[in-house]
Enquirer: 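Just passing along the structure, written as structure tokens.
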There are 2 protein chains.
Amino acid sequence: MTTQQDLAFPRPLTFVDVVIFCVQESQLKVLLIKRKPSDKLPNQPQWGLVGGFVDIDKDENLEATALRKLKEKTNVTSPYLEQLGSWGSRTRDPRGWSVTNVYFALISPEFASPLQHGGNAEDAQWVTIEGSGVKYALAFDHHEILETAITRLRNKVEYTSLPAYLMPNTFTMAELQKSYEVVLGRSLEKSAFRTRVLSTDLLEPIDDFKLGSNRPAQLYKIKNRANAVFFQRTFKPV
Amino acid sequence: MTTQQDLAFPRPLTFVDVVIFCVQESQLKVLLIKRKPSDKLPNQPQWGLVGGFVDIDKDENLEATALRKLKEKTNVTSPYLEQLGSWGSRTRDPRGWSVTNVYFALISPEFASPLQHGGNAEDAQWVTIEGSGVKYALAFDHHEILETAITRLRNKVEYTSLPAYLMPNTFTMAELQKSYEVVLGRSLEKSAFRTRVLSTDLLEPIDDFKLGSNRPAQLYKIKNRANAVFFQRTFKPV
DNA sequence: CAAATAGTGTCTTTAAGACATTATCTT
DNA sequence: AAGATAATGTCTTAAAGACACTATTTG
């Protein structure tokens, strides 16, 4: 494993891709990039995930590459970021044996700076998730990766506080519940939701209310953005 | 992302490592390799995970590399195999920027052919897990990887049928429960365990019993080795 | 029969589901 | 007061925990 022969092994191409989710207008969306057609990749669909090569001079580790890519596209610097896995094969990219290390990020669209359109050679866009994918064909194996990310997200939302990372700084209980419902694609029971969320150490009520033409709603913030909370059961037994 | 410049980017070294678990003598064990000291890696601990370079000629994809490595060391060809994630950084391997794509495998020791000792330049050994690691110092970041694997395994065992993959072809309910208990490091309540396991589609009783100086125990086999079963709750709410 | 482990039954506890009821604001 | 949504309460249900009890073998 450590001979000169080994180090001379041909090395696969190494990428990092980031599946960036947000909830906007009651829809789960993913940030996709539309690239200009290229000589090297003539037959690839133009839409794809945010990503690129690891820059071994700039990037200390894989997560740094993911954060760099996220910052470039959204200007968000401290998202919820979790590794999804890696995909590597001889055929996934026509340029040769390649591996992509995939992260998924949850952000509040309020924190993302307006996405640049045109100008660049790239066009970034929030695209609505429909079922287990999007309406566009995606380059490489990005559709499979996106599907895995959606599945992972939906699974974890059943028993964690992940949707809290999709929220702005302060929000009401009903707004948080709505985020859960958007991701899960089904409605949840109000009082059970409330009891469960409040029984954990996730939220802190702040000294403010959201007003409207009805009873004011308590506003909350996340107690500790660094730690997701795990519940002991899923929301709905099958 | 597709220019000649990009393809010329320096490429990290690409490895695959496999954390292979089994339960033997009521202990959770991991397969480790002891390598001969090397000129290239003079200061590394000699014990490490099973792994090696991706061979882009032999291996179709990352999972193929993992299976090849597993086969080389255990002769097992159809384990439970799940990707754990990838670790990549400038410093994790002194030979340069590197990425390892890590899988974890669960096997029954009955299926593994006797491990070769000496003979080769390597010495493979089942090492008992104590707490969140092993008693040996491990090379590179393998201790961190092992710890992540143990955590993932213990977490999933709370709500899946994974320990079934640690069993031989047929086994009793008590033996399966013992596997759960060994992995989790705590005892479970017999009747709740039974009810939960039998309420899923996991097991099939066979027409045979395990005899002893007591009431014979029904033997079971796994109905469908391809699909792990997910429970709706963890075993013990905190 | 004693010993041992397999397997079942009962009662309690925990948290979710369904759904009704009360609370508090605006217009 | 009407309308709206927030927040709470009550009763039911699902499944786990604790633990006692019965079943079936060997020696």
Side-chain angles (χ1 to χ4, degrees), chain A residues 26 155 157-161 163 167 170-181 184-221 229-238, chain B residues 26 155-161 163 167 170-182 184-221 229-238:
Chain A
S26 292
N155 282 342
V157 164
E158 293 279 359
Y159 62 96
T160 69
S161 63
M167 307 303 292
T170 68
F171 48 87
T172 67
M173 189 62 70
E175 287 164 352
L176 179 61
Q177 182 174 344
K178 185 69 189 173
S179 269
Y180 272 85
E181 293 174 339
L184 291 173
R186 69 170 195 270
S187 59
L188 297 174
E189 206 282 321
K190 187 165 62 159
S191 103
F193 181 83
R194 223 189 148 69
T195 311
R196 172 195 278 222
V197 167
L198 291 179
S199 76
T200 68
D201 208 33
L202 177 64
L203 299 183
E204 193 168 10
I206 63 170
D207 198 18
D208 200 7
F209 291 80
K210 186 191 180 193
L211 308 177
S213 62
N214 48 28
R215 177 170 171 179
Q218 177 70 55
L219 283 165
Y220 296 89
K221 64 171 187 172
V229 167
F230 287 73
F231 307 119
Q232 289 302 311
R233 299 192 192 174
T234 60
F235 271 100
K236 193 191 191 77
V238 230
Chain B
S26 293
N155 282 342
K156 290 194 84 163
V157 164
E158 292 280 359
Y159 62 94
T160 68
S161 63
M167 307 303 292
T170 69
F171 49 86
T172 67
M173 189 62 71
E175 287 163 352
L176 178 61
Q177 183 174 345
K178 185 69 189 174
S179 270
Y180 272 85
E181 292 174 339
V182 165
L184 291 173
R186 68 168 196 271
S187 59
L188 297 174
E189 206 283 320
K190 187 167 61 160
S191 105
F193 180 84
R194 222 189 148 68
T195 311
R196 173 194 275 222
V197 167
L198 290 180
S199 77
T200 67
D201 208 32
L202 177 63
L203 300 183
E204 192 168 11
I206 64 169
D207 198 17
D208 200 6
F209 291 82
K210 186 191 180 193
L211 307 176
S213 63
N214 48 30
R215 176 171 171 176
Q218 177 68 55
L219 283 165
Y220 295 90
K221 63 172 189 169
V229 167
F230 287 73
F231 307 120
Q232 288 304 310
R233 299 192 192 176
T234 60
F235 271 100
K236 192 191 190 76
V238 228

Enquirer: Do any N or O atoms from the side chain of A:Glu181 and from the backbone of A:Leu188 form a donor-acceptor pair under 3.5 angstrom?
Expert: yes
Enquirer: Round to a whole Å and report the spacing from CG of B:Leu198 to C1' of C:dA6.
Expert: 13 Å
Enquirer: Whole angstrom is fine here: how far is it from CZ in A:Phe231 over to P in D:dA16?
Expert: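 In whole Å, D:dA16 P and A:Phe231 CZ are 20 Å from each other.
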Enquirer: Considering residues, nucleotides and ligands other than A:Lys221, do more than 12 of their heavy atoms fall under 6.0 Å from its NZ?
Expert: no
Enquirer: Any chance you could measure B:Glu175, atom CD, to B:Tyr180, atom OH, to the nearest 0.5 Å?
Expert: 14.5 Å
Enquirer: Would you mind telling me which of C:dG7, C:dA16, C:dA18 lies closest to the side-chain atoms of B:Arg194?
Expert: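 For the B:Arg194 side chain, the nearest candidate turns out to be C:dG7.
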Enquirer: Look at the side chain of B:Ser191 against the base of C:dG7 and say whether a donor-acceptor pair falls under 3.5 Å; ignore hydrogens and angles.
Expert: no
Enquirer: Between A:Leu188 (CG) and C:dA15 (P), how many Å, whole number?
Expert: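 It works out to 18 Å between those atoms.
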Enquirer: In whole angstrom, give the distance that lies between atom CZ of B:Phe193 and atom P of C:dT8.
Expert: 14 Å
Enquirer: Figure out the OH/P separation between B:Tyr180 and D:dG17, and round it to whole Å.
Expert: 13 Å
Enquirer: Rounded to whole angstrom units, what separation is found between the CD atom of B:Glu189 and the C1' atom of C:dT8?
Expert: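 Rounded to the whole Å, the gap is 11 Å.
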Enquirer: Output the rounded distance in Å from CZ (B:Phe171) to P (C:dT5).
Expert: 20 Å
Enquirer: From D:dC19, C:dA6, D:dG17, pick the nucleotide closest to the side chain of B:Lys190?
Expert: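 Closest of the options to the side chain of B:Lys190: C:dA6.
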Enquirer: Quick one: does B:Tyr220's side chain get under 4.5 Å of B:Glu204's, heavy atoms only?
Expert: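 Result no, sub-4.5 Å side-chain heavy-atom pair not found.
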Enquirer: I want to check something: taking the side chain as every heavy atom from C-beta on, are A:Met173 and A:Leu203 in contact at a cut-off of under 4.5 Å?
Expert: yes
Enquirer: Does any non-hydrogen side-chain atom of A:Leu176 lie less than 4.5 Å from one of A:Val197?
Expert: yes
Enquirer: Please report, rounded to the nearest Å, how far the C1' atom of D:dA7 is from the CG atom of A:Leu203.
Expert: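 These atoms are roughly 15 Å apart.
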Enquirer: Any salt bridge linking A:Arg186 with A:Glu158? Criterion: basic side-chain nitrogen under 4.0 Å from a carboxylate oxygen.
Expert: yes
Enquirer: Mind running a 4.0 Å heavy-atom check of residues 207-219 of chain B against DNA chain D and sending the residues that fall below it, in number order?
Expert: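 Those residues are B:Gly212, B:Ser213, B:Asn214, B:Arg215, B:Pro216.
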